[in-house]
Amino acid sequence: MTKRFLGVMLLAALIISSTACAAENAWQAKIVDFVEKISTWGEPIILQNTTLVPLFGLRLQTKEGEILVEAIPRVVLVLEDGKFYTINLESESLPSEITTEEIYNALLISAQKYLANNDFEKARALLEKNIAMFPEKAESYALLGKVFFKLYQNTPDSPEKEEYGVRAFIEFARALDIDHQNQEALLARARARLEVPEPLGSPELAIEDLSQVIQQNPDRPEAYILLGKAYLALNDPERAKINFQKALELAPENAEAKEALAQVEKNPQN
């Protein structure tokens with residue numbers, strides 16, 4: 001039994017109670033059969049007695065016991081009190097106790113978990129679909145840029161690696177077009193600029209991004225760590241050391257800052 005089938009059975013269980021009669025079991029089988037054909041759905045969002053499941057590219061309708069499918073850009077399957085219905089986010093409103101922001105955040109958290117587990121393709125697919133549903137959110141583009149940069153880091157030298165690097169910067173730029181002060185995009189782009197060769201990357205360009213972050217929020221340890229690495233790349237170990245020390249003042253247990261400071265103290269001439 002595949003994980004996908006188990007997921008489908010769980011979704012069906014949310015719709016039909018455990019005391020379903022024979023007719024309800026037949027309906028459950030129809031739901032399972034239908035959902036098996038859906039390419040993907042979002043992380044379920046549970047709010048008290050209501051469960052939301054974002055679906056991508058499909059609308060679910062019922063007519064005289066039949067399940068019909070209509071292609072639409074954005075839809076949410078709502079499971080409530082043993083019943084289900086769909087909401088087209090482009091033309092309908094969610095119930096008052098449910099917000100599109102909650103749906104967006106749940107999908108973003110799911111993508112972050114995939115990225116943390118190095119499941120880059122799942123993170124990428126979920127973010128691209130999240131962007132299709134919520135194209136005005138800078139955070140999704142910033143996180144997608146991080147995914148492409150991770151793919152860049154984990155791909156051997158090749159045209160594909162170069163393409164991942166370019167895609168990362170495209171997504172960072174899209175995030176910053178929406179929110180030019182987005183700290184996550186600026187930090188991620190600065191990290192990428194320390195690894196990706198010119199013209200996309202350089203220590204000087206990384207310093208520009210990091211200066212913006214620190215100006216907005218002088219208490220971000222990661223900004224000082226990256227700033228220190230940028231100065232090391234410019235053969236300025238003294239300024240690098242100052243920034244690593246600042247990062248440790250803000251986050252004394254930060255392993256990356258500790259390691260960076262130890263290296264610069266061991267080799268002060270870089």
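- One hydrophobic cluster, built from ILVMFWY side chains closer than 4.5 Å, cannot hold both L205 and I170; they sit in different ones.
- Checked by atom type and distance alone, the side chain of N217 pairs as donor or acceptor with a backbone atom of D219 at under 3.5 Å.
- Surrounding NZ of K161 are more than 12 heavy atoms belonging to other residues, nucleotides or ligands, all under 6.0 Å away.
- Here R193 contributes atom CZ and L186 contributes atom CG; the two are 9.0 Å apart, rounded to the nearest 0.5 Å.
- A side-chain donor-acceptor contact under 3.5 Å links Q216 to the backbone of Q181.
- At distances below 3.5 Å, not a single donor-acceptor pair connects side-chain atoms of N130 with backbone N or O atoms of L126.
- With rounding to the nearest 0.5 Å, the separation of CD1 in I207 from CD in Q212 is 13.0 Å.
- Cluster membership check: Y104 does not share its hydrophobic cluster with I109, using side-chain heavy-atom separations under 4.5 Å among Ile, Leu, Val, Met, Phe, Trp and Tyr.
- V213 has its side chain out of reach of L226: every pair of non-hydrogen atoms, C-beta onward, lies at least 4.5 Å apart.
- Residues E184 and R189 are not paired through a salt bridge, judged by the lack of any N-O separation under 4.0 Å between the basic side chain and the carboxylate.
- At a threshold of 4.5 Å between non-hydrogen side-chain atoms, the residues K129 and R124 do not count as touching.
- Without hydrogens or angle criteria, D236 side chain to L232 main chain gives no donor-acceptor distance under 3.5 Å.
- Salt bridge absent: E195 and R191 never bring a charged side-chain N and a carboxylate O closer than 4.0 Å.
- From N243, atom CG reaches atom CG of L248 across 11.5 Å, with rounding to the nearest 0.5 Å.
- Side chain of Y224 to backbone of E249: no donor-acceptor contact under 3.5 angstrom is found.
- Looking only at side-chain heavy atoms (C-beta outward), L115 and L127 stay at 4.5 Å or farther from each other.
- Contact of the L187 side chain with the L210 side chain is registered, since non-hydrogen atoms from C-beta on lie closer than 4.5 Å.
- Distance check, rounded to the nearest 0.5 Å: CG of L200 to CD of E162 gives 10.0 Å.
- At a threshold of 4.5 Å between side-chain heavy atoms, the hydrophobic network of Ile, Leu, Val, Met, Phe, Trp and Tyr places I242 and I225 in two separate groups.
- In this structure, S211 and I214 have side chains that are not in contact, with every pair of non-hydrogen atoms separated by 4.5 Å or more.
- Side-chain contact between Y152 and E163 is absent, with no heavy atoms from C-beta onward closer than 4.5 Å.
- Looking only at distances, no side-chain donor or acceptor of S110 sits under 3.5 Å from a matching main-chain atom of L108.
- Using modelled atom types, no side-chain atom of Y141 and backbone atom of E136 make a donor-acceptor pair closer than 3.5 Å.
- R239 and Y231 share a side-chain donor-acceptor pair at under 3.5 Å.
- Taken together through direct or relayed side-chain contacts under 4.5 Å among Ile, Leu, Val, Met, Phe, Trp and Tyr, Y164 and L143 form part of one hydrophobic cluster.
- Under the 4.5 Å side-chain criterion, counting only non-hydrogen atoms from C-beta, L151 is not in contact with E160.
- Counting heavy atoms from C-beta outward, F244 and K258 have side chains that stay 4.5 Å or more apart.
- In this structure a side-chain-to-backbone donor-acceptor pair under 3.5 Å is missing from K122 to Y114.
- Note on ring orientation: taking the six-membered ring where Trp is involved, the planes of F169 and F172 are perpendicular (angle over 60°, cut-offs 30° and 60°).
- A chain of hydrophobic side-chain contacts below 4.5 Å, direct or via other Ile, Leu, Val, Met, Phe, Trp or Tyr residues, connects F134 to I131.
- In this structure, CD in E222 is found 10.5 Å from CD in Q183, a value given to the nearest 0.5 Å.
- With respect to K146 and E171, no salt bridge is recorded, no charged nitrogen being found less than 4.0 Å from a carboxylate O.
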